[in-house]
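Encoded as structure tokens, the structure appears first; notes follow it.
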Amino acid sequence: MELAQVMPCAMPIVISPVLDIAPLPDLLPLEHVKGLIVTSKNGVDALIAKTDRRDLPVYAVGQRTTAAAAAAGFAARQMGDDADELVEGLLRLGPKAPLLHLRGEVSRGDVAQRLSTHGILTREKVVYAQTPISLTEDAKILLNGTFPVVLPLFSPRSAKLLAQQVTGIAPRYVVAMSWAVASELPQGWAKTIIIASRADSPAMAKGIAGLFDEDGFIVSP
């Protein structure tokens, strides 16, 4: 869902990532693997770049990641909206093992270890780099101004990196994908923190839109 589709008014949008995501050049060992785990669309993108195989089932976190894997030709199954739900779902499902978790350099949830501990042998492979980058000049200008700024945060690491960079005085309204994301922000750092109703992009868009009235003024949640 596009943000513009749910916004009650037109608002300027500045895009300023705090992480640069890039696939790593390593080969992807799939011998003896019976299924793949992806916990982000970045993992799907790296998988597509590294292999032409489409015969392995993919167990994914979130609608967006699942849809990306399915669109690439994999038999993709959504196993919840976060790592905990994925682990719980796979333990109930009992898929053929071993599984391979494709992840970034920084990952949360200990997916492979938890599954292996409970009898589903799972290895992990780092398939993409997550390099911190500076905010754009446009973003810095906004955050150093006096007008309110709405900040959508999709991952705990993004939240932590943003908080480290931002020292401006603009009132900050955060829409976080989960409590885990919000917990990385220092106490009092944001004027308001909204937790999305689900861990997906449409829920994030609705959370952002809910902060505005039809005249473009921020309303108290």
Side-chain angles (χ1 to χ4, degrees), residues 1-3 5-6 17-19 21 35-48 56-95 97 99-118 120 122 124-128 130 150-162 173-185 190 192-211 221:
M1 179 183 296
E2 295 291 338
L3 180 58
Q5 292 178 310
V6 296
V18 293
L19 285 169
I21 307 298
L36 302 167
I37 297 173
V38 287
T39 44
S40 74
K41 184 178 179 297
N42 296 318
V44 176
D45 292 341
L47 173 61
I48 294 169
L56 294 172
V58 170
Y59 307 104
V61 167
Q63 293 180 351
R64 182 168 179 255
T65 304
T66 308
F74 292 96
R77 180 168 179 171
Q78 183 175 347
M79 304 299 296
D81 289 327
D82 58 27
D84 290 339
E85 291 184 1
L86 175 126
V87 170
E88 292 169 5
L90 285 172
L91 292 177
R92 288 193 300 269
L93 181 64
L99 303 179
L100 180 64
H101 177 203
L102 308 179
R103 67 173 183 86
E105 289 175 324
V106 178
S107 180
R108 295 167 64 95
D110 298 321
V111 169
Q113 180 179 343
R114 291 163 65 188
L115 288 172
S116 295
T117 298
H118 287 87
I120 300 177
T122 304
E124 59 183 12
K125 174 68 175 176
V126 175
V127 292
Y128 59 91
Q130 302 153 291
V150 176
L151 300 162
L153 298 176
F154 289 81
S155 74
R157 191 172 184 218
S158 294
K160 184 175 183 179
L161 290 171
L162 180 66
Y173 292 77
V174 167
V175 179
M177 183 167 273
S178 67
W179 286 106
V181 175
S183 68
E184 292 294 336
L185 298 174
T192 295
I193 298 179
I194 303 294
I195 307 298
S197 59
R198 299 183 312 279
D200 59 33
S201 296
M204 288 288 288
K206 290 181 180 178
I208 295 167
L211 285 170

Practice problem: Take I21 and Q130 through the side chain to side chain contact (heavy atoms under 4.5 Å, CB included) test and state the conclusion after the steps. | Solution: CA-CA 5 Å; I21 307 298; Q130 302 153 291; 3.7 Å; yes
Practice problem: For the residue pair I37 and L90, establish whether any side-chain heavy-atom pair is separated by less than 4.5 Å. | Solution: yes
Self-check item: Nearest atoms (heavy-atom pairs only) where P152 meets V150
Solution: CD-O, 3.6 Å
Quiz item: Which distance, rounded to the nearest 0.5 Å, do you find between the CG of D200 and the CG of D81?
Solution: 6.0 Å
Quiz item: Between G35 and L56, what is the shortest heavy-atom contact and its length?
Solution: N-CD2, 4.3 Å
Exercise. Please answer whether the main-chain N or O of Q113 pairs with a side-chain N or O of S116 as donor and acceptor at a distance below 3.5 Å.
Key: no
Quiz item: Where is the tightest heavy-atom contact between R198 and A203, given as atom of each residue plus distance?
Solution: O-CB, 3.3 Å
Exercise. Could you check V44 against F74 for side chain to side chain contact (heavy atoms under 4.5 Å, CB included), going step by step and ending with a plain yes or no?
Key: CA-CA 10 Å; V44 176; F74 292 96; 5.6 Å; no
Quiz item: If you measure from the Lys or Arg side-chain nitrogens to the Asp or Glu carboxylate oxygens, is any gap between D84 and R114 under 4.0 Å?
Solution: yes
Practice problem: Locate the shortest heavy-atom distance separating L99 from P95; write the atom from each residue and the value. | Solution: CD1-CG, 4.0 Å
Exercise. Go through the steps to decide whether R77 and L93 satisfy the test side chain to side chain contact (heavy atoms under 4.5 Å, CB included), and finish with yes or no.
Key: CA-CA 11 Å; R77 180 168 179 171; L93 181 64; 3.4 Å; yes
List the atom pairs, with distances to 0.1 Å, where a side-chain N or O of residues 60-71 and a protein N or O form a donor-acceptor pair under 3.5 Å, not counting sequence neighbours.
| residue | atom | partner | partner atom | Å |
| --- | --- | --- | --- | --- |
| T65 | OG1 | K41 | N | 3.3 |
| T65 | OG1 | V61 | O | 3.2 |
| T66 | OG1 | G62 | O | 2.7 |

Self-check item: Inter-residue atom distance L36.CG - Y59.OH, 0.5 Å rounding
Solution: 9.0 Å
Quiz item: Considering only heavy atoms from C-beta outward, does the side chain of L153 approach that of M177 to under 4.5 Å?
Solution: no
Practice problem: Quick one: pull up CD in E88 and CG in L115 and give me the separation to the nearest 0.5 Å. | Solution: 11.0 Å
Quiz item: Taking atom CG of L19 and atom OH of Y128, what is their separation to the nearest 0.5 Å?
Solution: 9.5 Å
Quiz prompt | Check against side chain to side chain contact (heavy atoms under 4.5 Å, CB included), E124 and S107 | solution = CA-CA 11 Å; E124 59 183 12; S107 180; 5.9 Å; no
Quiz item: What is the minimum heavy-atom distance between G43 and L102, and which atoms define it?
Solution: O-CD1, 4.4 Å
Quiz item: Which value, rounded to the nearest 0.5 Å, describes the distance between H101 atom NE2 and T39 atom OG1?
Solution: 3.0 Å
Practice problem: Search all heavy atoms of V181 against all heavy atoms of A159 and return the closest pair with its distance. | Solution: O-CB, 3.5 Å
Self-check item: Distance (rounded to the nearest 0.5 Å) between I208 CD1 and Y173 OH
Solution: 15.0 Å
